[in-house]
Amino acid sequence: MTDCIFCKIIAGEIPAEIVYNGTHVTAFRDINPVAPVHILIIPNQHIDHIRDPRAFEGELLKEMVQTANEIAAMEGIAESGYRLLINYGPDANLVVPHLHLHLIGGKFLGPMVAV
Ligand code: AMP
Ligand code: ZN
């Protein structure tokens, strides 16, 4: 999608600190981190959000979660713990309309609503 900020990151048109670049999935550091580790895992194909039926085709969601787990280990937070989060809709403050999984950790996160 031409005007999508995350598609532009995948295309290399916008800089990002990419930590994983696979065939179906890319991961990069969030520009406004809420914790010492805050990484976004996204499909390389543009998918609007978690209610988009394309999200459920093939093994995509499984691969996104597996990638998040692997990156958590690479970041050294597999034992201390982390949060995986997908926002949808205005109440969850979904801002970027390209499906993304937040990997958040590296400190005690407290109750879920505090993030
Ligand atoms: P959400 O509220 O789930 O839509 O979260 C979107 C996330 O994308 C926020 O945490 C932003 O800080 C992050 N973000 C927006 N633009 C960029 C960018 N250019 N590079 C990295 N992260 C970004
Ligand atoms: Zn996109």
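Every value quoted in this text rests on a predicted model; they were computed, and no experiment measured them. Just follow the structure's listing: the first ligand is 1, and inside any ligand the first atom is 1.
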Subject >> Chi angles and distances behind the side chain to side chain contact (heavy atoms under 4.5 Å, CB included) call for His102, Asn87 >> reply: CA-CA 9 Å; His102 294 257; Asn87 290 316; 3.7 Å; yes

Subject >> Working for side chain to side chain contact (heavy atoms under 4.5 Å, CB included), residues Ile39 and Glu17 >> reply: CA-CA 9 Å; Ile39 290 166; Glu17 196 179 338; over 6 Å; no

**OP:** Please report the C-alpha distance between Ile104 and Leu109 in whole Å, then the side-chain angles of each, then the deciding distance to 0.1 Å, and finally whether the side chain to side chain contact (heavy atoms under 4.5 Å, CB included) criterion is met.
**Re:** CA-CA 8 Å; Ile104 301 167; Leu109 297 172; 3.7 Å; yes

Original post:
Does the side chain to side chain contact (heavy atoms under 4.5 Å, CB included) test come out yes or no for Leu103 and Leu84, once each step is laid out?
Top reply: CA-CA 5 Å; Leu103 165 64; Leu84 300 179; 3.7 Å; yes

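In this structure, Ile9 counts as a contact residue of ligand 1, since one of its heavy atoms falls inside 4.0 Å of the ligand.
In the model, His46 has no side-chain atom that pairs as donor or acceptor with a side-chain atom of Asn44 under 3.5 Å.
Inclusion of His102 in the set of residues having an N or O under 3.5 Å from an N or O of ligand 1 is warranted. On a distance-only criterion, Ile5 and ligand 1 share no N/O pair closer than 3.5 Å. By the 3.5 Å distance cut-off applied to N or O atoms, Val96 is counted among the residues near ligand 1. The shortest N or O to N or O distance between Val95 and ligand 1 is below 3.5 Å.
Ligand 1 places these atoms under 4.0 Å from at least one heavy atom of Arg29: 21 (C). Within the listing of ligand 1, atoms 12 (O) sit less than 4.0 angstrom from a heavy atom of Asn32. Near Asn87, meaning under 4.0 Å from any of its heavy atoms, are these atoms of ligand 1: 1 (P), 2 (O), 3 (O).
At the shortest separation from atom 1 (P) of ligand 1 among protein heavy atoms lies His100 NE2, 3.1 Å. Nearest protein heavy-atom contact of atom 13 (C) of ligand 1 is Asp30 OD2, 3.3 Å. Scanning the protein heavy atoms around atom 2 (O) of ligand 1, the nearest turns out to be Asn93 O, 2.8 Å. Closest to atom 22 (N) of ligand 1 among all protein heavy atoms lies Ile31 N, 3.1 Å.
Under 4.0 angstrom from ligand 1, the non-hydrogen atoms of Phe6 all belong to its side chain. For Val34, no heavy-atom contact with ligand 1 is shorter than 4.0 Å.
Annotation for Pro36 and Gly106: closest pair CG-O, 3.5 Å, computed over non-hydrogen atoms. The two residues Ala16 and Ile9 come nearest to each other via the heavy atoms CB-CG2, 3.6 Å.
Atoms ND1 of His46 and SG of Cys7, as seen from the Zn ion (ligand 2), are separated by an angle of 110°, to the nearest 10°.
When the Zn ion (ligand 2) is compared with the N/O/S atoms of His98, atom ND1 turns out nearest.
Taking the six-membered ring wherever Trp is involved, the centroid distance between the rings of His98 and His100 does not fall below 6.0 Å.
By the neighbour-count criterion of 12 heavy atoms within 6.0 Å, atom CD of Glu79 is sparsely surrounded, having that number or fewer from other residues, nucleotides or ligands.
Under the side-chain contact (heavy atoms from CB on, under 4.5 Å) test applied with Ile41, the options Val65, Val25, Ile86 reduce to a single match, Val25.
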